[in-house]
Protein chains: 2
Amino acid sequence: MDKTNSRKSARSALEPRQGAQAIRRALAVLRILAAGREDGVPLAEVVRTTGLTRPTVHRIVHVLIEEGIVERHGRSGRYAIGNQVPELALARPRPSRLLVAANPSLQRASTEIGDTLFLTVRTGNDTLCVDRRIGIYPIQVLSIEVGARRPLGVSSAGVAILAAMPAPDARKIVAANEKRFAAYRTDVATVLGQVTAARRLGYGMREIGLVQGTKSISTWIKTPDGQPAAAMTVSAVRTRLGPRREQEVVEILLREARSIEQAIHG
Amino acid sequence: MDKTNSRKSARSALEPRQGAQAIRRALAVLRILAAGREDGVPLAEVVRTTGLTRPTVHRIVHVLIEEGIVERHGRSGRYAIGNQVPELALARPRPSRLLVAANPSLQRASTEIGDTLFLTVRTGNDTLCVDRRIGIYPIQVLSIEVGARRPLGVSSAGVAILAAMPAPDARKIVAANEKRFAAYRTDVATVLGQVTAARRLGYGMREIGLVQGTKSISTWIKTPDGQPAAAMTVSAVRTRLGPRREQEVVEILLREARSIEQAIHG
DNA sequence: GCGTTCTTGTCCATATTATGGACAAGACAA
DNA sequence: TTGTCTTGTCCATAATATGGACAAGAACGC
């Protein structure tokens, strides 16, 4: 449509295998639905965020319903990921390599820090929370749950992951997510600014978290090939994360991030 | 290709939404890959079991790789379900309704029976093992693992599920699975015979289990609308399941199957 | 070495397939 | 009523996915 890398048939390195437009579109739809979690997403929003036309989205979604990959919620009419998706997922070993590798680090960091700790992976243009540890401090930020999916850039974890990749790649992803930023009250320029700041600092930070009154700090975790694959985040009420404590927390997070990277290697 | 219900545009009740051949084919491929679990499946086998042409399967599989939905294993070159599938699955609440509903029954039955107990769901034309409980008896049949996926009809659970649905539906599914039966050393006629026997008995049974020297007994579990959705299976070494004990086990399984059906209702 | 039989990967002319503009109907509000 | 949402459908058309044919690589036997 608009991503015409057309011209001839230069099949070179990345991306351009053709002959499957419909399949790619169906997956784009699925990823948007996944962001809606259990509640799902109205058709119109899928249309808006994917940039596809409504007849196309409608057709895709209803075929996926027939196939059991998507479900429609009775009252609301929203579309959500169907139960055949976890069934397909059972084909893979659980828990994942990353979760195994990260487990001891999360354990240690959670004990030391006491605030809520998140492990977030990058998946395509999204961040996805895959683990959460609750600390001993009596006030915990629990609004982000395992399974939460957001466009890369709107959370401190997303900013950290973007900061850890080559700037042009990050810009490309942020641009691709543009249409989805409005729902999180941010925009391309703001996100890029936060990414630059995180790159300078060595970690991601949001003074004003997605949840009112909270502050988040994230360090990135890279795979052996240097690509950021995940982020480790601490969220707490803002007053609990002053400059002094911020440094303490960052030190622990950085230490454990490196430790997880080692563990993935082995 | 061959399932031409063509003629005009009679869009009536079941199945025939068109305009998404490619998506349906991609899903058919994914389901075959899922049956290969972690090891995956060679391209040629996908071609054989789906009945698609090789260029088509090749294209689909490689697009899915680019999208992260499929992975290719280094040495073997086999194709397997990729890590983006469990990531999409996180959008749904875990554990599922069925698992929650079945939990107490599985607990009770496992304690009472002492042999390995399986909960298996129907998904499309497959059975999928979703829970396994190990009993206290020292010899346990552990070869079937959570995530194991088989064509409906080759396991006692599959036979039970087929027996619980209207005969024409069952026949249709068995016919659709024909190409996949050879790998399990069975065929359409044998399966249909076992289904008829199970219907008469009131439960599914295999004197010669998929694993050498074992015997399996399965009862079906129906959803409120009368469709079988799952099966509860006991597997043990054959000598431990003589006619007398078979009756005992069947009684427990039937009781708990009804109990699970109640629990799903509520 | 060479042939045989597997496998996987690629090309491209073709017609089958998916597309999307236009239209319609339902829900809710003013 | 009219207006502004939403979702659903039709069908002529262009673009897409298709698959026959070809190629190359791997494993085996002799």
Subject >> Partner residues of B:R37 under the salt bridge (Lys or Arg N to Asp or Glu O under 4.0 Å) criterion, sequence neighbours left out >> reply: B:E145
Subject >> Short side-chain to backbone donor-acceptor contact, B:R149 and B:L128, under 3.5 Å >> reply: no
Original post:
Does A:I208 have any side-chain contact (heavy atoms from CB on, under 4.5 Å) partners at least two apart in sequence or in another chain, and if so, which?
Top reply: A:R238
Original post:
Hey, what bend do you get for the helix from C:dG1-D:dC30 to C:dA30-D:dT1 if you fit axes on five pairs at each end, rounded to 10°?
Top reply: 30°
**OP:** Would you kindly give the CD1-to-C1' distance between A:I23 and D:dT16, to the nearest whole Å?
**Re:** 12 Å
Subject >> Spacing between B:R24 atom CZ and D:dA17 atom C1', to the nearest angstrom >> reply: 16 Å
Subject >> B:R132 vs B:I144 side-chain heavy atoms within contact, under 4.5 Å >> reply: no
Original post:
Roughly how many Å is it from CZ in A:R75 to P in D:dT6, rounded to a whole number?
Top reply: 18 Å
Original post:
Is the shortest side-chain N/O distance from B:R25 to OP1 or OP2 of D:dA17 below 4.0 Å?
Top reply: no
**OP:** Would you mind telling me which of C:dG9, C:dT19, D:dG8 lies closest to the side-chain atoms of A:Y79?
**Re:** D:dG8
Original post:
Pick the nucleotide of DNA chain D nearest each of B:A22 and A:H62; which residue has the one closer to the 5' end?
Top reply: A:H62
Subject >> Non-neighbouring partners of B:T214 that pass side chain to side chain donor-acceptor pair (under 3.5 Å), sequence neighbours left out >> reply: none
Original post:
Touch check for A:R48, heavy atoms < 4.0 angstrom, all strands: base, sugar-phosphate only, or nothing?
Top reply: sugar-phosphate
Subject >> B:E71: partners by side chain to side chain donor-acceptor pair (under 3.5 Å), with sequence neighbours left out >> reply: A:R92
Original post:
What residues, two or more places apart in sequence or in another chain, satisfy salt bridge (Lys or Arg N to Asp or Glu O under 4.0 Å) together with B:R59?
Top reply: none
Original post:
To the nearest angstrom, how far is B:Q18 atom CD from D:dC11 atom P?
Top reply: 11 Å
**OP:** Please name all residues satisfying salt bridge (Lys or Arg N to Asp or Glu O under 4.0 Å) with A:E67, sequence neighbours left out, ordered by chain then number.
**Re:** B:R24, B:R31
Original post:
With nearest nucleotides of DNA chain D determined for A:G77 and A:G19 from heavy-atom distances, which residue corresponds to the more 5′ nucleotide?
Top reply: A:G77
Original post:
Just checking B:R78: base, sugar-phosphate only, or nothing, at a heavy-atom cut-off of under 4.0 Å?
Top reply: nothing
Original post:
D:dT18 phosphate, OP1 or OP2: any side-chain N/O from B:Q21 under 4.0 angstrom?
Top reply: yes
Original post:
When you measure from every atom of DNA chain D, which of residues 52-60 of chain B have a heavy atom less than 4.0 Å away?
Top reply: B:T53, B:P55, B:T56, B:R59
**OP:** Please list, chain by chain and in numerical order, all residues satisfying salt bridge (Lys or Arg N to Asp or Glu O under 4.0 Å) with B:R180, sequence neighbours excluded.
**Re:** B:D126
**OP:** Please list residues of residues 27-44 of chain B whose heavy atoms come under 4.0 Å from any atom in DNA chain D, ordered by number; otherwise none.
**Re:** none
**OP:** Could you name each residue pair satisfying ring-ring contact (aromatic ring centres under 6.0 Å, His included) that touches residues 23-67 of chain B, not counting sequence neighbours?
**Re:** B:H58-B:H62, B:H62-B:Y79
Subject >> Which residues share a side chain to side chain donor-acceptor pair (under 3.5 Å) with B:T120, sequence neighbours left out >> reply: none
